[in-house]
Amino acid sequence: MNVLVIGSGGREHALCWALAKSPVIGRLYCTPGNGGIASVATCIDLDFKDIDRVLALIRAEKIDFVVIGPEAPLVFGLADKLVEKGVKVFGPSAAAAQLEGSKGFTKDLCARHGIPTAAYGRFHDREAALAYLKEQGVPIVIKADGLAAGKGVVIAMTMDEAVEAVEDCFGGRFGSAGSEIVIEEFLEGEEASFFAIADGRHVVALGSAQDHKRVFDGDQGPNTGGMGAVAPSPLMTPAMVDEVMERIIRPTVAAMAAEGHPFKGVLYAGLMLTYKGPQLIEYNVRFGDPECQVLLMRMKTDLLPVLTASADGVLDKLDIDWDPRPAVTVVMATKGYPGDLQPGGEIRGLDKAGAIEDVVVFHAATRAEGDHFVPTGGRVLNVTALGETIEKARETAYRAVAEIDWPGGFNRTDIALKAIAAAG
Ligand code: AMP
Ligand code: GLY
């Protein structure tokens, strides 16, 4: 089977790495891909919005299956446009991708179907939003409705902060993503991410992970796309996984089907584990990045039939086998990230790092140049390791980080420590 992966990050490198191992893979393409992905797939520079060129590539290269990595092409409707032309696709329709694309859509769906989530209001105008704030008091959470690259959420501890957040959103700070806002109850608890794969009707758990969103050690500094991850999260005990599947994931898949937009693809639930039980903070409609890297390190079953089973609606026929060992990934980023990037210089030593047993170095943004790589973005490498325990996986990952010679890069040094403390 010939496969095309859409995307260019560490997540897409992990997807291509896993797909390349499949006994049934034919030719593997990635667009646009990156310097690391090029070692397992043919990278083609293409804009996913240029549907005619994407379709021309699919025809010319006899591609049987398209796997969409990031949210932007999903919310854009790339899956619908390809399915319309008879192409088999992994990833949700634009209607189903509203679970990520519109926070208000998801909140209303949860309310109609009794899925546990923070109490909320949706607002199109400033006056009504301010009145609701006054009525609810602080702490409170203000969110731009649409996609705002993870930056559209303000946790307001004071009324001044809350009012400022509302003014900012309606003042156009997030463009059209902020023309509608959701104001919701502040939830207290521990956060965990949970992943499942759905085929429109059936859903299978993929497991949990814990991200590290802040840029510096000790959860300091601004939010990023994620500076490291560990899987599984020790907070997600088997009993908690069952509860999340029964109360949140299965009801969501059933609700989406009942309302006419069956969900196919990865459901990524951001959860708050509160004293009242797990509550949904938000959905994403794709693998997390870098959570995908740690999930796929642990997947023993061939990924390709898992993804095609989602597209074909036959996930009920499938069992997924997992490596019992936990995985840890450490993100190496260009100095300056998530702000203005400094010149990145040269990256060396990747072969030595990758030669360590149970280590894979995924590339998130690199280009090959002669005998070395150069960074082409903020998050650049995902140094990923398996270990008998989270401690061992963490040690191995950092041993590999130490082999990488990249003066222009930096990484957190405390990835997985929280999970180790939680595991006791
Ligand atoms: P989101 O973009 O919705 O994932 O929100 C970003 C982050 O804000 C989450 O990962 C949580 O840490 C926090 N957050 C979002 N909603 C709430 C809430 N209702 N209560 C407490 N924290 C929240
Ligand atoms: N690591 C967070 C995300 O993929 O959204």
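Atoms within each ligand, like the ligands themselves, are counted from 1 in listed order.
Of all the atoms in ligand 2, the ones that sit under 4.0 Å from a non-hydrogen atom of E291 are 1 (N), 2 (C), 4 (O). The atoms of ligand 1 that sit less than 4.0 Å from any heavy atom of K143 are 3 (O), 15 (C), 16 (N). Atoms of ligand 1 lying under 4.0 Å from any heavy atom of F186, numbered from 1 in the order shown and given with element: 20 (N), 21 (C). Taking a cut-off of under 4.0 Å to the non-hydrogen atoms of E282, the atoms of ligand 1 that pass are 1 (P), 2 (O), 3 (O), 4 (O). Close contacts of ligand 2 with Y268, meaning ligand atoms under 4.0 Å from a residue heavy atom, involve 2 (C), 3 (C), 4 (O), 5 (O). Near D211, meaning under 4.0 Å from one of its heavy atoms, ligand 2 places the atoms 1 (N), 2 (C). The distance from ligand 1 to the heavy atoms of K213 drops below 4.0 Å at these ligand atoms: 10 (O). Residue-ligand proximity, I155 to ligand 1, at heavy-atom distances under 4.0 Å covers atoms 8 (O), 13 (C), 14 (N), 22 (N), 23 (C). Close approach of ligand 1 to I281 is summarised as follows: ligand atoms under 4.0 Å from at least one heavy atom of the residue are 3 (O), 15 (C), 16 (N).
Between M272 and ligand 1, no N or O atom pair is found at a separation short of 3.5 Å. In terms of polar-atom proximity, defined here as any N/O pair under 3.5 Å, R379 makes no such contact with ligand 2.
The shell of residues lying under 4.0 angstrom from ligand 2, judged by heavy atoms, excludes F287.
Taking the ring axis of F48 as reference, the NZ or CZ atom of K81 does not stay both within 45° of it and closer than 6.0 Å to the ring centre.
When non-hydrogen atoms are compared, ligand 1 lies under 4.0 Å from the side chain of V141 (C-beta onward) but not from its backbone. If you look at K103 next to ligand 1, the close heavy atoms, those under 4.0 Å, all belong to the side chain.
Using modelled atom types, one side-chain atom of K107 and one backbone atom of A118 make a donor-acceptor pair closer than 3.5 Å. At least one donor-acceptor pair closer than 3.5 Å links the side chain of N34 to the backbone N or O of S8. Between the side chain of T274 and the backbone N or O of M272, no donor-acceptor pair lies under 3.5 Å.
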Side-chain donor-acceptor contacts of residues 193-203 below 3.5 Å, not counting sequence neighbours, with atom names and distances?
unit_1	atom_1	unit_2	atom_2	d
D199	OD1	R201	N	2.9
D199	OD1	H202	N	2.6
D199	OD1	H202	ND1	3.3
D199	OD2	H202	ND1	2.7
D199	OD2	V314	N	3.2
D199	OD2	L315	N	2.9

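No salt bridge links D45 with R53; every basic N to acidic carboxylate O contact stays at or beyond 4.0 Å. Salt-bridge check for E259 with R112: passed, with a basic side-chain N closer than 4.0 Å to an acidic carboxylate O. A salt bridge links R250 and E246; the closest N-O separation between the charged side-chain nitrogens and carboxylate oxygens is under 4.0 Å.
When E188, E100, E191, E184 are ranked by how near their heavy atoms come to atom 19 (N) of ligand 1, first place goes to E184. In this structure, of A209, G288, G225, C292, the residue bringing a heavy atom nearest to atom 1 (N) of ligand 2 is G225.
What sits closest to atom 5 (O) of ligand 2 on the protein, heavy atoms only, is R286 NH2, 2.9 Å. The protein non-hydrogen atom at the shortest distance from atom 4 (O) of ligand 2 is D289 N, 2.9 Å.
A distance of 9.0 Å separates CE in M227 from CG in D217, rounded to the nearest 0.5 Å.
What you find for L28 and C16 is that their closest heavy atoms are CD2-O, 3.4 Å.
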Going through the distances and angles, do D47 and K49 end up as a salt bridge (Lys or Arg N to Asp or Glu O under 4.0 Å)? CA-CA 5 Å; D47 178 1; K49 290 196 171 134; over 6 Å; no
